[in-house]
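Report on one structure; see the data block that follows.
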Number of protein chains: 2
Amino acid sequence: MLKLSRLTDYAAVVMAQIARHPQASHAAADLAEAVQLPHPTVSKTLKMLVKAGLLESQRGAQGGYRLARPASKITAADIISAIEGPVAMTECSQAEGGCELVATCGVADNWQRVSLAIRTLLESVTLAHLADTAPIKLPVQLPIQSISLSAASA
Amino acid sequence: MLKLSRLTDYAAVVMAQIARHPQASHAAADLAEAVQLPHPTVSKTLKMLVKAGLLESQRGAQGGYRLARPASKITAADIISAIEGPVAMTECSQAEGGCELVATCGVADNWQRVSLAIRTLLESVTLAHLADTAPIKLPVQLPIQSISLSAASA
DNA sequence: TTTATACAGTACTAAAATGGTACTCAATTA
DNA sequence: TAATTGAGTACCATTTTAGTACTGTATAAA
């Protein structure tokens, strides 16, 4: 399914929530309440996002989380990598020379190109986009066709 | 990581192998040997590909597998769906109204747009592309930027 | 300076998904 | 009729994921 993990989903929702009130400091408990998810799980997610440098935290009373940089500078790829590690479709597209089947594989190169295209796409989507409640119009269906691989096979 | 499952990887490799010799009928054992993977696993993968309508099979002596249609008409999305089910990034982007958190989610719409963009991308990559040992040049880095979401936010 | 608040870090458990295997049945061909 | 080869199902082991608990630490307010 090429599916995101549930925690990644949570992370996106929480990040969007924070992005909608960038000035405030958000306690984990408040966020959990706002998005209707269990507190410990939200807390765990928040810690990962801090570790990845997407959020900043402050301890103590009146503490909480806030964005480390503007929502327009945080990408979907950032959020995904924070939780799941680097965006890569195959084993071999993240490690260097880890796959011993290279000889018989025959699709490695092109899979990696696809992987790169997806990563690039995810890097072009920002948290600001995601947090926007008004759905943005995405004219991707036709344009992507027009720059498809077949057009580039020359 | 947005990673493909290992079986999906196998499927792509096996499909590419078949695509390189479209006339021949390929027995599971031969394919397993060719791609250096365990026979039972390859066999399982092949069955799934048949079920999805990407391969046709023939039993008995001299039987085996062959493509159900030309490699140029089989997409990466087809192969992925055959093994992992529909290409969808989130739970809610495949089922209808399954998620009860819609009210507090706030990112559902835009995630689905991203999901759609990825699906479209994967549908534009064919087995013929993947099987091509000469890597195709993929000018996706810049073009995708130029059709990015931000350009469409107006 | 004490106390309450809130994040950091680690470890653990339970559940689910995944990968891999085995076994029996059915079809085809020589 | 025997050999070959795929179909289908069921099963088990492993890994991954999700979720929880607990202890420690920093901050701020009283």
Side-chain angles (χ1 to χ4, degrees), chain A residues 1-14 18 24-68 80 82-85 88 90-91 94 101, chain B residues 1-14 18 24-68 80 82-85 88 90-91 94 101:
Chain A
M1 304 205 195
L2 216 73
K3 201 163 44 182
L4 300 177
S5 84
R6 212 185 296 193
L7 287 185
T8 307
D9 234 333
Y10 296 168
V13 174
V14 168
I18 297 175
S25 193
H26 301 263
D30 296 345
L31 288 169
E33 170 68 18
V35 301
Q36 286 290 295
L37 291 172
H39 176 186
T41 302
V42 169
S43 187
K44 184 182 190 174
T45 306
L46 288 165
K47 287 172 199 168
M48 290 192 257
L49 292 166
V50 170
K51 207 167 199 170
L54 305 187
L55 291 179
E56 285 172 351
S57 63
Q58 170 130 27
R59 299 189 188 184
Q62 311 306 318
Y65 297 90
R66 62 185 66 210
L67 299 183
I80 295 172
I83 309 294
E84 312 189 16
T90 55
E91 293 290 346
Q94 53 171 341
L101 296 174
Chain B
M1 302 207 197
L2 216 72
K3 199 163 48 182
L4 300 176
S5 84
R6 212 185 295 191
L7 286 184
T8 307
D9 234 333
Y10 296 169
V13 173
V14 169
I18 297 176
S25 192
H26 301 263
D30 296 346
L31 287 169
E33 169 68 19
V35 301
Q36 285 291 295
L37 291 171
H39 176 187
T41 302
V42 169
S43 187
K44 183 182 191 175
T45 307
L46 289 165
K47 287 171 199 167
M48 289 193 259
L49 292 167
V50 169
K51 208 167 199 171
L54 305 187
L55 291 179
E56 284 173 351
S57 62
Q58 171 130 27
R59 299 187 188 184
Q62 311 306 317
Y65 297 90
R66 62 185 66 210
L67 298 183
I80 295 172
I83 309 294
E84 311 188 16
T90 57
E91 292 290 347
Q94 52 171 339
L101 296 175

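A, B, ... follow the sequence lines: proteins, then strands. Residue 1 opens every chain.
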(request) Kindly check if the number of other-residue, nucleotide or ligand heavy atoms within 6.0 Å of CD (B:Q62) is above 12? (result) no
(request) Step through the shown structure and confirm whether more than 12 heavy atoms of other residues, nucleotides or ligands are within 6.0 Å of CD on B:E33. (result) no
(request) State whether A:S5 places a side-chain N or O below 4.0 Å from either non-bridging phosphate oxygen (OP1 or OP2) of D:dA18. (result) yes
(message) Under 4.0 Å from OP1 or OP2 of D:dG19: is there any side-chain N or O of A:Y10 that close?
(response) yes
Could you measure the distance from the [atom1] atom of [X] to the [atom2] atom of [Y]? Nearest 0.5 Å is fine.
X     : Y     : atom1 : atom2 : result
A:L46 : A:L31 : CG    : CG    : 6.0 Å
A:L4  : A:I80 : CG    : CD1   : 5.0 Å
B:T45 : B:Y10 : OG1   : OH    : 8.0 Å
A:T41 : A:L7  : OG1   : CG    : 7.0 Å
A:K44 : A:I83 : NZ    : CD1   : 10.0 Å

(request) Scan residues 27-38 of chain A against DNA chain C and write down, sorted by residue number, each residue with any heavy atom closer than 4.0 Å; if none is found, say none. (result) A:A27, A:A28
(message) From NZ of B:K3 over to C1' of D:dT15, roughly how many Å is that when rounded to an integer?
(response) 11 Å
If every non-hydrogen atom of [X] is compared with every non-hydrogen atom of [Y], which pair is closest and at what distance?
X     : Y     : value
B:A82 : B:M48 : O-CB, 4.2 Å
B:L2  : A:E84 : N-OE1, 3.3 Å
B:G53 : B:A68 : O-CB, 3.3 Å
B:A28 : B:H39 : CB-NE2, 3.8 Å

(request) Using a cut-off of strictly less than 4.0 Å between a heavy atom of the residue and any atom of DNA chain D, enumerate the qualifying residues of residues 45-63 of chain A by number. (result) A:Q58, A:R59, A:G60, A:A61
(message) What is the first contacted nucleotide of DNA chain C and what is the last, in 5' to 3' order, if contact means an atom lying under 4.0 angstrom from a heavy atom of chain B?
(response) C:dG19 to C:dT29
(request) Could you say whether B:H39 or A:K44 is positioned toward the 5' end of DNA chain D, judged by the nucleotide with the nearest heavy atom to each? (result) B:H39
(request) Pick base, sugar-phosphate or nothing for A:H26, based on heavy-atom distances below 4.0 Å to the nucleic acid. (result) sugar-phosphate
